[in-house]
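Order of the sequence lines sets the chain letters (A, B, ...), proteins ahead of strands, with each chain counted from 1.
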Amino acid sequence: MILLRRVVLLTPDRLGCILDHQDLLIHDRERVGVLAPSGSGRSSIARIICGSEDPHSGKVFRTGRVSWPLGYAGFLHPDLTPRRNIEHLCGLTGFPPEPVLRIASWLCLDRSILDRPVASLTPSQRGLVAEACGLGFPADHYVADEKLLFGKRRRKRAARPYSAGDCLTRDSSSCPATRTRSRSGAPRYTHCSMGVSSPASL
Amino acid sequence: MSEGGRIPQTLTSPAERVLALMRRDRDTRFSGGVLGYVWAYLIPFSWIAFVVALLELTGRPAPIHTDPALFVATGLLPYILFRQTISSMMRAAIAHRRLLHVRPVRLSDLLLASAAQELVNLAVSALIVFGLILLLTGAERPDDPVRVLEGLFLAWAMGVGLGRLCAVLGLMSDLLARAVPILLRPTFWVSGIFFTATELSGALRDLLWWSPLLHASERIRDGWFMGYTSPFDDLTMLVVPALFPWVLSFLAEMGMIRGRMSRYAP
């Protein structure tokens with residue numbers, strides 16, 4: 001369960017409000033989408049849920065482990081291979097590397113990707129590795145800060161169980177919270193969605 | 001792993017995270033170069049060789065009756081330890097900030113790992129430098145090794161204190177991040193690399209009493225050279241400059257987080 005209690009999140013210039021005393025409850029096994037235009041603070045909301053950013057005021061309660069925003073590739077060191085990056089992340093988080101690498105290599109399909117320096121990968125391969133890294137680490141709640149993109153049909157097929165939430169969830173866990181700009185995509189992939197409007201979008 | 005069906009937020013202790021970050025730093029720093037991590041050890045060597053060559057060229061003998069390389073090393077190593085620790089912590093705060101997304105990694109973990117890595121690097125460098133000098137020149141061994149280690153450790157501690165403060169302030173201000181190396185440059189001339197405190201005239205000695213780095217190098221020389229007794233023997237001048245900025249850095253960090261003053265988005 002993730003609970004946001006009277007959370008206030010201001011825009012970077014502090015003149016506007018992205019979240020104004022917002023309450024939000026995400027139950028276990030529930031998929032929630034954030035529907036909002038560009039620049040209105042979707043990523044900030046994702047970071048608040050993940051815990052990598054604190055709100056200006058209000059409280060955030062989380063039960064269990066929340067993933068970092070799926071698709072985030074910022075912490076992949078360009079000179080290291082994805083495999084080595086994952087091993088380092090395992091050292092930091094305390095998870096054994098073998099299961100994480102197994103899931104990551106299954107998601108990447110082309111296993112050679114894991115043994116090439118991140119700098120030599122194409123942007124889509126990097127994105128795939130970032131998503132695979134995020135999904136490989138066990139969590140009770142997964143937060144996607146990007147549209148989960150698996151590209152070719154073969155990859156889409158491989159990823160279907162993930163988007164259906166079957167493999168992502170643990171016994172009593174919730175499915176990924178996601179963010180999207182697509183009005184049609186939100187209801188298709190989520191149980192419920194919330195809209196965010198910013199002064200810029202009005 | 002799971003507790004009541006849940007995965008705990010934290011599976012690693014701070015010490016484990018620091019060790020993991022140190023391993024990552026070893027892998028990534030200087031990566032891609034031909035010599036790789038050897039650069040970390042070559043830097044002190046090149047500094048010592050440069051200063052010894054400078055002394056030879058200017059015809060200035062070592063103020064203490066010993067090998068010039070050993071004299072320079074006892075002054076230069078605490079200085080390098082101090083400066084490298086500050087630079088490394090400032091770099092780590094910015095370069096590794098994206099790892100803060102990986103909970104439970106915190107800024108303190110990044111900074112401590114960076115400082116600890118510098119201590120390890122310089123400890124290895126010091127062993128090689130002092131070992132080679134003793135082996136090649138037959139110079140005297142340290143009279144009081146504990147005092148030598150104290151001096152080196154306190155120079156590192158001063159670097160950790162000031163480095164933590166500069167790293168936090170550097171996250172808030174680009175101007176400060178760029179100004180720190182310039183502001184610290186004069187410390188090279190007042191840290192006793194080329195001279196000892198006994199050589200200084202009264203007024204200059206009173207002035208340089210306020211140089212904590214000179215206290216560190218004097219402590220090392222006092223401990224190493226049997227015939228040398230330093231007039232600078234004040235532990236307060238080493239402990240206070242280490243502790244004061246360190247405590248201040250936590251206040252600055254709290255202010256930065258509360259005021260959301262970091263110039264880097266999380």
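Taking 4.5 Å as the limit, some side-chain heavy atom of B:Arg98 sits within range of a side-chain heavy atom of A:Tyr72. Looking at heavy atoms from C-beta onward, A:Thr93 lies in side-chain contact with B:Val102 at the 4.5 angstrom threshold. Contact check for A:Arg47 versus B:His101: side-chain heavy atoms found under the 4.5 Å cut-off.
Side-chain N/O atoms of B:Arg260 and A:His56 include a donor and acceptor closer than 3.5 Å.
Summarising the geometry, atom NE2 belonging to A:His77 is positioned 6.0 Å from atom CZ belonging to B:Arg24; distances are rounded to the nearest 0.5 Å. Atoms OG1 and NE2, from B:Thr28 and A:His88 in turn, are 7.0 Å apart once rounded to the nearest 0.5 Å. Distance CG/A:Leu89 to CG/B:Leu99: 7.0 Å, rounded to 0.5 Å.
Contact of B:Leu21 with chain A is made through backbone and side chain together, with heavy-atom distances under 4.5 Å. When heavy atoms are compared at a cutoff of 4.5 Å, A:Pro69 approaches chain B solely by way of its side chain, counted from C-beta outward.
When all heavy atoms of A:Leu92 and B:Pro104 are compared, the pair lying nearest together is O-CD, 4.3 Å.
No more than 12 heavy atoms of other residues, nucleotides or ligands lie within 6.0 Å of CZ in B:Phe50, so this atom counts as exposed by the packing criterion. No more than 12 heavy atoms of other residues, nucleotides or ligands lie within 6.0 Å of CZ in B:Phe244, so this atom counts as exposed by the packing criterion. Enclosure of atom OH in B:Tyr41 by more than 12 non-hydrogen atoms of other residues, nucleotides or ligands within 6.0 angstrom is indicated.
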